[in-house]
S.K.: 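Got a structure here, written out as structure tokens. Questions coming.
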2 protein chains.
Amino acid sequence: MKIDPDSTVDLSAQIAKAIRDAIIAGDLIVDQRLPSEAELADHFEVSRPTVREALKRLAAQSLIRTQRGATGGAFVNRLRFEDAYAQQVTTSTLLLSMNAVSFDVACEARYALERACAPLSAQRRTPDQLATMRAEIHRQSQPGLTDEAFCASDVTFHRALVDGAGNKVLSYQLAGAVEAMQPLMNMITFTARSREAIVALHTDIADAVEAQDAPKVDTTLIKLEAYTRELAHSVVTARAERAANKETKPA
Amino acid sequence: MKIDPDSTVDLSAQIAKAIRDAIIAGDLIVDQRLPSEAELADHFEVSRPTVREALKRLAAQSLIRTQRGATGGAFVNRLRFEDAYAQQVTTSTLLLSMNAVSFDVACEARYALERACAPLSAQRRTPDQLATMRAEIHRQSQPGLTDEAFCASDVTFHRALVDGAGNKVLSYQLAGAVEAMQPLMNMITFTARSREAIVALHTDIADAVEAQDAPKVDTTLIKLEAYTRELAHSVVTARAERAANKETKPA
DNA sequence: TTACATTTTAATGTCTGACATTTAATCTGG
DNA sequence: CCAGATTAAATGTCAGACATTAAAATGTAA
């Protein structure tokens, strides 16, 4: 593991890269202890604060964890799916909000991916996952629910559907797509009638999943996607109209 | 933005979280300059090295960038899809290698996602993307190619297929799934005959995409998935046999 | 001998203060 | 008006110190 002191790149970034590459290459294995900060400082011929900045970079990516005390130090972290979810969701959310991704594009991606899971989920879903879907449908039917709570329940419902595929890699990939959509979905005002329509479609999906009817799940998801887009467009239209009124009225 | 000095959590982690939350909430907008390190140290009532560790954590997630000099400082970064790809690939790769994800599970996820893109790609692919697919098929047909180069070309081919959907969010999500598989694929030894079979399937896919025949793309991808799994299983079997011989022969 | 309390020790976490380096803005002389 | 020198403000780096934590080693009494 070497760095170039003459490079214009931050020393701490170089050190982080060197260690990260070693982890990816398998030279440092899970739960292995890195040298102490003082030893790393010696090795790379830099000061301890610089080493610490490098280690914090790696910690931010969940590549290492640190422990204080006599037998403490920095250890290569076993990257867990649960840890990766959070980062995936954060990153996806910011990508959507910072890159002017249209609702349509995000929606299309989300449902395309979800439909990829659906056949597997219809086949393999556990009773527990089915129960979660039913429970969320019930929650969504209750009046007085805020739009945010409705959306959150929607996310839980769809995550149960995705998790039903019983493939952790799929669940991980989908976590970002589904949850990152939530802020966009929150812009939609769900009227009583639109909630009713969504709950009806959710029920169809749960029924089809219970009956292991994959094609039915697929067609219902297509309907749900179309309806979601329709709702979003009506929001955009209403907003445009309000803006137009505002422009003409005051004078 | 506040932190709790009595918490057992690292101060730098708390500060990073406070700033990250502010970015996600939109309180800090793209390209906005954060206060200087000295000002942040004052604000949070910590020392400058602690603030710096927090900023390095955020930099590791591409949430901020720093600039030296008179008008320098830390700026909220516009998270780009290209930046996110790299992290996505790194994370996915480590997830697979550290969590004993079986080839079958990873393969299933990859092809399920890829098939989600295929219909869109058949419909929208540009001539350029089609040309990339053809070029990679040609490369894959050349004898003397190393297994690694063959795999790399395979990745490029499939990325062109995925990008053909013309949906950046889909491409981003797929980047991790497709590229993270590469180390696993590299374990497979591609014989002349298996390469021939794969090239034939790739050609079928390219033809179907050119003809905008979505169902044909789908069925061919299913065949390709089956064949890929078959190859992987034969590798595992061969390895097990070698191990068995090794156990009985030497004495 | 064993169980418990104490001390030691090795590591990370944090602080202070200083200097180096970079870069844009400002000043200055032609 | 322009080119070069100067200045100022920020990040990058360093050295050394102390605080805190937690495990291991040690000591002590039943």
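Given the structure is predicted, the values throughout are model-derived calculations rather than measurements. The chains referred to below are lettered A, B, ... by the order of the sequence lines, with proteins before strands, and numbering in each begins at 1.
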S.K.: Just to be sure I understand the geometry, which residues of residues 44-57 of chain A put a non-hydrogen atom under 4.0 Å away from DNA chain C?
M.R.: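 Residues of residues 44-57 of chain A that come under 4.0 Å of DNA chain C are, in numerical order, A:Arg48, A:Arg52, A:Lys56.
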S.K.: Chain A on DNA chain C: first and last contacting nucleotide, 5' to 3', under 4.0 Å to a heavy atom?
M.R.: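 It runs C:dT9 to C:dT14.
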S.K.: Could you state the interatomic distance from CG (B:Asp154) to CE (B:Met185), rounded to the nearest 0.5 Å?
M.R.: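 So the gap between those two atoms works out to 5.0 Å.
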S.K.: In whole Å, what is the span from the CD1 atom of B:Ile64 to the C1' atom of D:dG12?
M.R.: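 Between C1' of D:dG12 and CD1 of B:Ile64: 14 Å.
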S.K.: Is a salt bridge present between B:Arg110 and B:Glu225, judged by a nitrogen-to-oxygen distance below 4.0 Å?
M.R.: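 A salt bridge is absent here (no side-chain N lies under 4.0 Å from a carboxylate O).
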S.K.: For residues A:Leu170 and A:Leu113, determine if any side-chain heavy atom of one lies less than 4.5 Å from a side-chain heavy atom of the other.
M.R.: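 Not in contact.
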S.K.: Hey, are B:Gln88 and A:Thr91 close enough side-chain-wise for a donor-acceptor pair under 3.5 Å?
M.R.: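 Side chains of A:Thr91 and B:Gln88: no pair found under 3.5 Å.
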S.K.: Mind listing the closest non-hydrogen atom pair of A:Glu37 and A:Arg48 along with its distance?
M.R.: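 Heavy atoms only, the tightest pair is OE1-NE, 2.8 Å.
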S.K.: Checking the side chain of A:Thr237 only, and the main-chain atoms of A:His233 only, is there a donor and an acceptor separated by less than 3.5 Å?
M.R.: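 Side chain of A:Thr237 to backbone of A:His233: a pair is present.
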S.K.: Does any N or O in the side chain of A:Asp104 come within less than 3.5 Å of the main-chain N or O of A:Arg229, such that one atom is a donor and the other an acceptor?
M.R.: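 Not a single qualifying donor-acceptor pair exists.
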S.K.: Between the side chains of B:Arg139 and B:Glu136, is the shortest nitrogen-to-carboxylate-oxygen separation below 4.0 Å, so that they form an ion pair?
M.R.: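 The answer is yes: the pair qualifies as a salt bridge.
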S.K.: Okay, side chain of B:Asp10, backbone of B:Ala13: is any donor-acceptor separation there less than 3.5 Å?
M.R.: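 Here the side-chain-to-backbone pair does not exist.
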S.K.: Before accepting this row, confirm whether a basic side-chain N of the pair A:Asp31/A:Arg65 lies closer than 4.0 Å to the acidic partner's carboxylate O.
M.R.: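 Salt bridge present between A:Asp31 and A:Arg65.
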S.K.: Atom pairs, N/O to N/O, protein against nucleotides 8-10 of chain D, distance under 3.5 Å?
M.R.:
none

